[in-house]
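Keep in mind that what you see is a predicted model, and the values were worked out from it rather than measured.
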Amino acid sequence: MRTRTTALATALAATTLAALTASPAQAAEYSSALKVRGVQYDAPGRDSNSCRTGNTRDEYLTVKNYSRTATVNLRGYVVKDATGNRFTFTANHYLQPGDYVKLRGGNGTDSDSGNVVYRDNCNFIWNNDRDTIYLYKPGGSRADVHSYTSSGNDRDGDGYVTFH
């Protein structure tokens, strides 16, 4: 009996270890309704920071409310990259359960009905080869974090990576 119990325990431990090592350690799970859905880290075309003719508005981050019941106000949430570039949602922007917003580069008019907020900055924020995206709650605790590499996460090469 003891041999059978030890063999079973060893098999369970091996299965658990295999399951833990087989899944990518891409992100820690945080208890937040808001999560980073995906990022268009490489805007189509040649990168240009020009406010008038550039393509920074084609680079965007999608934040989604994964709650089934709670409406979440984005005011005070902060998005950062690995080097400390940051954007703070300063206006009220309410996400209903299942709703999302695209945080775009460049200038434009924020719109709840259009699900868009502009960073009002014509510089790119996300690196085209690799970066880390942090989403912080208004109180400063982390809501979500994801790292990506163009070679490891963007299988179809379109410059977009999905996380959730």
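With sequence neighbours left out, N121 forms a side-chain hydrogen bond (donor to acceptor under 3.5 Å, both in side chains) with N123.
Counting only distance, with no hydrogens or angles, the side chain of N65 and the backbone of S67 share a donor-acceptor pair below 3.5 Å. Put simply, the side chain of N55 gets close to the backbone of P44: a donor and an acceptor are under 3.5 Å apart.
Under the 30°/60° scheme for interplanar angles, the aromatic rings of H164 and H146 are found to stand perpendicular. Classification of the Y134-Y136 ring pair by plane angle, with boundaries at 30° and 60°, yields parallel.
Each of L74, D144, V101 was checked for a side-chain contact (heavy atoms from CB on, under 4.5 Å) with L34, and the lone residue meeting it is L74.
Hydrophobic clustering (side-chain heavy atoms under 4.5 Å, transitive across Ile, Leu, Val, Met, Phe, Trp, Tyr) keeps V39 apart from Y118. Taking hydrophobic clusters as Ile, Leu, Val, Met, Phe, Trp and Tyr residues chained together by side-chain heavy-atom distances below 4.5 Å, L103 does not share a cluster with F124. One hydrophobic cluster, built from ILVMFWY side chains closer than 4.5 Å, cannot hold both Y60 and V63; they sit in different ones.
For residues 130-164, the set of pairs meeting the disulfide (SG to SG under 2.5 Å) definition, not counting sequence neighbours, is empty. Applying the disulfide (SG to SG under 2.5 Å) definition to pairs two or more places apart or across chains, those involving residues 35-109 are C51-C122. Among residues at least two apart or in separate chains, there is no salt bridge (Lys or Arg N to Asp or Glu O under 4.0 Å) pair with a member in residues 71-94. Residue pairs meeting the side-chain hydrogen bond (donor to acceptor under 3.5 Å, both in side chains) criterion with at least one partner in residues 98-110, sequence neighbours excluded, are D99-N115. The list of salt bridge (Lys or Arg N to Asp or Glu O under 4.0 Å) pairs with a residue in residues 48-64, not counting sequence neighbours, reads E59-R119.
Side-chain contact between F89 and N73 is absent, with no heavy-atom pair separated by less than 4.5 Å. Side-chain contact between D154 and Y41 is present, with at least one heavy-atom pair separated by less than 4.5 Å.
W126 contributes atom CH2, which lies 4.5 Å from atom CD1 of I133 (distance to the nearest 0.5 angstrom). Rounding to the nearest 0.5 angstrom, the gap separating the CG atom in N128 from the CG atom in D42 is 3.5 Å. One distance of note links OH of Y148 with CG of D129; it measures 7.5 Å at 0.5 Å rounding. Interatomic distance, OG of S147 versus CZ of F163, reported as 8.0 Å (0.5 Å rounding). Here the straight-line distance linking atom OG1 of T162 with atom CD of Q40 works out to 10.0 Å at 0.5 Å rounding. Atom OH of Y66 and atom CG of L95 lie 11.5 Å apart (nearest 0.5 Å).
Residues P97 and T69 share a closest heavy-atom pair of CG-C, 3.6 Å. Nearest heavy-atom pair, D158 versus Y160, reported as atom, atom and distance to 0.1 Å: OD1-N, 3.0 Å.
Side-chain atoms of T88 and T90 include no donor-acceptor pair closer than 3.5 Å.
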